[in-house]
Structure formats: C-alpha cells, structure tokens
Amino acid sequence: MTPNHLIVAPVLLPLATAALMLLLGEGRRSMKAVVNVGSAVVGLGIAIALLTSVDAQQAPAAFGIYLPGNWPVPFGIVLVADRLSALMCVLAGSVGLASLVYALARWQHAGVYFHVLFQLQLMGLYGAFLTADLFNLFVFFEVLLAASYGLLLHGGGLQRVKAGLHYIAINLLASLLFLIGVAVLYGVTGTLNMADIAVKLPHVPASDRGLLHAGAAILAMAFLAKAAIWPLSSWLPPAYTAASAPTAAVFAILTKVGAYAVLRLWTLCFPASAGASAWFGGEVLVWGGLVTLAFGSVGMLASQQVARLASFSIIASSGTLMAAIGFGVPALVSGALVYLASSTLAGCALFLLVELLERSRQVEVGPQQMDDGNVALRGFLDAEPPASTNLDDDEEALVGRAIPAALAFLGLSFTACALVVAGLPPLAGFVAKLAMLTALLDIRSTAAWALFAGLILSGLFAATALVRVGIRHFWTTHDHPAPRLRVVESLPIAALLAATFMIVVQGDALLGYARATADALHDPQRYIEAVTNARPQPLATIGTP
C-alpha cells in the first residue's frame, strides 16, 4: 500500500469491521471482541505510521492527498494527512483502543451492538480529522454523533435515557446550524472544499462580506457547541456522568473534534492574508474560552462526584484550547497542542478510573475477607499492640500493614491523573502549561494576562478538587476490603498514563512537532497548494497493445 492509499485506510478499516460484525449476527460476542480489538490495534498502527511519515518530511504542510473518487479538486472528495490530522488520529486511536480493552471486562455484554457502534465511532473520528471539505466533515460528524447516541444509551437506565435525550437534542441543533452555515458559505464562495474556500475568500466582494461572516459565525456555533464552550456546555456533565465508563472515556476526544474543526478552518480561511476577514472572530474565541475555563474550573471545585469532576475537567480543557487558538500566535498554539494531547489521555484514564473508584466503595465486607485468610496477620491484628506502636483512628496497629496491590494501583493512577489535569510538575500537563505560559509572556495584552491567570488558577482549583476526592477515597476509613481489579481493566489505564509519561520523556521532540504543526497552520499556503494541485490518477488504458 502506497503512502497516499494509507490515508484512506483509517476510514475504510472501521467501516469494513463494522459491516463484518453485523454479518456475524447478534451472538458470537467473543469473536466480535477479537475482531474489534484487532481492528483498533491496526487502526492505531496506521495512524502512527501516518504521523511518523509526516514527521519525516521536510514540508510541514501535508503528507499526502488522496482523491477517493479520482475526481479533480474541488469537485471530488479529498482526504488530507498533515501534522495536525495525523496527531489527532493517533489520539483517537489511542483513546479508542484503551476504552475498548476496558470494555471487554463487562460492558461489552450490556448491549448487542456495542462493537459495531464502537467501530462506527472510530470511523467518524478518523474521517473528521482527515477530510478536506465541509460536506464530508458534516457527514463524518453525523456518523460519529449517531454512534455516540447509541453508545451513550448503552446499558440502559433512566439516567442515561434522560441525559441521552438532552445530548441528542443539543447535537441535532448543532447539526442544523452546521448545515445552515455550510449552505451560506457555499452560496457566497461556490465551493465546499476547504482549500478552495481559502483561495476564494479574499476575493469575495464587499457587498457579500457580511453574509460570509454570518455563515462562518453560524458554522462556528456548531463547532463551539460540540466543543462544549460556555454557555453551550450544559449538555456535557449529565451526559458524560451518565455514560458507561468506556463510553465516557472515548467521549473525552469528542469535544476535541469541535476544537480541531475551529483550529483547522479558522487558520486556513481567516489567516492574516485574508484581507478584511483576517482573524475574524478571534476575540470571541479568546474570551469565550476564558469564560469556559472559569466555568469548568469552578465546576470541578463544586463537584461531589468523581464523574462530574472529570466532566468539568473536559470543559476546562476545551476552554483552554479555544482561548489559546483565538490569539493566533504559533508559539501559544504549539503549547496548546501538547496540552490537547496530555489532557485527552488523562481525561480518558480518569473516566476509566471513576468506575473502579466507585466500585471500591460499594464492596461489602465478609468475615472471611478481613485479611484474605492470612492467619498470622489475623493474629497480629487481634493482639494487643505495644505502647510504642503507631495506631490509626480505630486503635489498630499501622506498622506491618501491607497496602493491597489493587488499592496501590488505584492510588498511584489517580495521583498521576490529578497531576496531569491540574498541570503540576513533573508530568505532561505541566510541560504543556509551561509552554503556554511562556508564550503568553511575549504577547502582553489584557486577554493574555487573563489567560495567564486563568491557567494558574484553574490548576489550583483542579488540584484542590482532586485532592479532596483523593482524601475521600484513599485516606478516610472504610469498612471495605481492597477492590479486586481485572488485568483487562487495569492495563488500558496504565497504558494511557504511560503515554503521558512519554510526553515528558520525549517533551523536546513533541514540542518540536507541535511548533512545526502550529507554523504550518498559520502559514496555510503550502496546504492550499498541495490540495489544489492534486490531480486524479490516469486510468489504465483497456485493450491497448
């Protein structure tokens, strides 16, 4: 398979996998699980191959162009793999695989079509990141949203149905706005290809400039609703809290689809060279992002449930990304891209931990479970402790008491997630926030100082909220035994956190990749030329001697 053909593979692979699992019928869940995991592994491998190929090239704009219908630009469908889309595909593949492996423990049995919906979700994500025209962006948006409706309702229950109806209503409204915005832009520019829109936009007459801005604003409303920007974020906490653990985990990247669409279209169609439309709506993105960051931070501080806290952390991360994007400064955007990667991985891991933490508080104690049958330990605990022994609140000896492996794993994993979400050293969240704070010092405007303070205060609020949750789950006395964890539940969490550690270890390389990505986004001419110069492949001549 040539590199250009590899671009369409992340879209076709989950589509073919979903069709195959439908042919297998309602049973054979073990076989479906094997097929699903195998397809997700291959899809992640393809995404990594695209990213490494992009990184190896000197030109930062585009790795390759693929014309699925072999029609010339701008009339046919176009798929483009560049640094940004490759990074997003790797994140989607990583989050998807981790959530899927976790679901194998129990959640795959809660519904008949879980595996099919999961592959359609991945197809919509990969397609949204790779497409280069607005019509197909809408199509892939609808594919991933339709799959998310089924995944949100997976497992049933009144709470999921209520949250699901709210979620569906909001997203149907966003889809309507999407269609209206696309129709207005097509009426003004006469094209739906993103690169072709960027070419024609500076030449739009002044009489149509207001209509152009109106269409762009309506389209942006659809993306901002999906990115959960305040006041369009009311749907997220109840939906993500009600969803099953693997569903909420994979939903951690859905809000990033809206942020990706804004970043892609805004830097492509409204750069500094766009004339009267240059950086249109930038201030709205900045201040909307700041308000969203404040809303998410206060929401984390006020949350009493771990799931709601994790949901508000997603809102805070969306606000951070949108505010950073709105400044239009490559150095700030490069730090935001690292933050996007770290916050997505940590958010996914935190949602997977939620169920395990709650389960550890709901297990009842049995007499035979007091010390797992260890007679010697029972005798030690029943004996009168010496006067010099440290005692806990129940006057039981602390010395010699072993921490169960499952509890230690949960504690360390939660601590790592808390450090990343709060942006504390030495993990990936600190690296990303430090890069953004350094870039903000060079901007020196009121909005820049506001974001600078917001990043610091949001970290303080997140740390306070997460420490409070940690005390409640790990430091207070419970009459519960240590939870029993399955390897299939622990492995994806450990892998996600290991990925955040790798961001720190490979911080210089990742920051370099992010800088090249941000520079290419803010200098879109090479992207435009790569797409507009793509030519269909000549058809093979039939019957020639």
- In short, M300 meets L309 closest at the heavy-atom pair CG-O, 3.6 Å

- Which distance, rounded to the nearest 0.5 Å, do you find between the OH of Y260 and the CG of L125? 12.0 Å

- Message: Please check this pair: side chain of Y339 against backbone of G429, looking for a donor-acceptor N/O pair closer than 3.5 Å.
- Response: no

- Taken to the nearest 0.5 Å, the spacing of M436 CE from L332 CG works out to 7.0 Å

- In Å and rounded to the nearest 0.5 Å, what is the CD1 to CG distance from I218 to L185? 9.0 Å

- Please walk me through it: do V262 and M322 pass side-chain contact (heavy atoms from CB on, under 4.5 Å)? CA-CA 8 Å; V262 170; M322 209 59 63; 3.8 Å; yes

- Shortest non-hydrogen separation from L152 to A239 and the atoms involved: CD1-O, 3.3 Å

- Query: Are T191 and D196 linked by a side-chain donor-acceptor pair shorter than 3.5 Å?
  - Reply: yes

- Does L130 reach the side chain of Y66, with side-chain heavy atoms less than 4.5 Å apart? no

- Could you check whether the rings of F178 and F138 sit parallel, tilted or perpendicular, using 30° and 60° as the cut-offs? perpendicular

- Query: Quick one: does L212's side chain get under 4.5 Å of L201's, heavy atoms only?
  - Reply: yes

- Could you tell me whether the side chain of Q119 and the main chain of T17 form a donor-acceptor pair under 3.5 Å? no

- Which heavy atom in R83 sits nearest to a heavy atom in Y513, and how many Å separate them? O-OH, 2.8 Å

- Message: Just checking N533: does its CG atom have more than 12 heavy atoms from other residues, nucleotides or ligands closer to it than 6.0 angstrom?
- Response: yes

- Task: Tell me, yes or no, whether the heavy-atom count around Y186 atom OH, taken from other residues, nucleotides or ligands under 6.0 Å, exceeds 12.
- Result: no

- Message: Contact between W266 and W279 at the side-chain level, heavy atoms closer than 4.5 Å - yes or no?
- Response: yes

- Note on the structure: Rounding to 0.5 Å, atoms NZ (K226) and CG (L254) come to a distance of 5.0 Å

- Query: What heavy-atom pair brings H522 and V329 nearest, and what distance separates the two atoms?
  - Reply: NE2-N, 4.0 Å

- Query: Which is it for F118 and S99 under the side-chain contact (heavy atoms from CB on, under 4.5 Å) test, yes or no, and what are the steps along the way?
  - Reply: CA-CA 10 Å; F118 202 91; S99 304; 4.1 Å; yes

- Task: Report yes or no: does D133 contribute a side-chain atom to a donor-acceptor pair with the main-chain N or O of N136 at less than 3.5 Å?
- Result: yes

- Answer whether the closest heavy-atom distance between the side chains of I528 and L268 falls below 4.5 Å. yes

- Query: How long is the gap from CG on L345 to CD1 on I503, to the nearest 0.5 Å?
  - Reply: 5.5 Å

- Query: Does the D208 side chain pair with the main chain of V204, one donor and one acceptor, at a distance under 3.5 Å?
  - Reply: no

- Message: Just verifying a value: how many Å separate F430 CZ and K433 NZ, rounded to the nearest 0.5 Å?
- Response: 11.0 Å

- Query: Which heavy-atom pair separates A518 from S334 by the least distance, and what is that distance?
  - Reply: CB-N, 3.8 Å

- Item | Heavy-atom closest contact (A86 atom, V54 atom, distance) | CB-CG2, 4.3 Å

- Message: For a side chain to side chain donor-acceptor pair (under 3.5 Å) check, start with the C-alpha distance between S175 and E142, then their side-chain angles and the critical distance, and finish with the verdict.
- Response: CA-CA 8 Å; S175 297; E142 293 308 300; 2.6 Å; yes

- Please examine the side chains of L177 and L219, heavy atoms only from C-beta on, and report whether any two atoms are closer than 4.5 Å. no

- Are P330 and R515 side-chain neighbours, meaning at least one heavy-atom pair lies under 4.5 Å? no

- Backbone of A128 reached by a side-chain donor or acceptor of T131 within 3.5 Å: no

- Query: Would you call the rings of F141 and F223 parallel, tilted or perpendicular if under 30° counts as parallel and over 60° as perpendicular?
  - Reply: tilted

- Task: Measure from the side-chain N and O atoms of S343 to the backbone N and O of L340, and report whether any donor-acceptor pair falls under 3.5 Å.
- Result: yes

- Message: Between S85 and D82, do the side chains contain a donor N or O and an acceptor N or O under 3.5 Å apart?
- Response: yes

- Given F501 and L427, is the side-chain contact (heavy atoms from CB on, under 4.5 Å) satisfied, shown in steps? CA-CA 6 Å; F501 279 103; L427 298 187; 3.3 Å; yes

- Item | Non-hydrogen side-chain atoms of L460 and T464 separated by less than 4.5 Å | yes

- Task: Kindly indicate, with the supporting measurements, whether the criterion side-chain contact (heavy atoms from CB on, under 4.5 Å) is fulfilled by I315 and I229.
- Result: CA-CA 7 Å; I315 295 177; I229 298 301; over 6 Å; no

- Message: Could you tell me if the side chain of T517 sits less than 4.5 Å from the side chain of V333, heavy atoms only?
- Response: no

- Item | Passing option when F251 is tested against W235, F351, Y240 for ring-ring contact (aromatic ring centres under 6.0 Å, His included) | Y240

- Would you call the rings of W230 and F295 parallel, tilted or perpendicular if under 30° counts as parallel and over 60° as perpendicular? tilted

- Between R526 (side chain) and D523 (backbone), is there a donor-acceptor pair under 3.5 Å? no

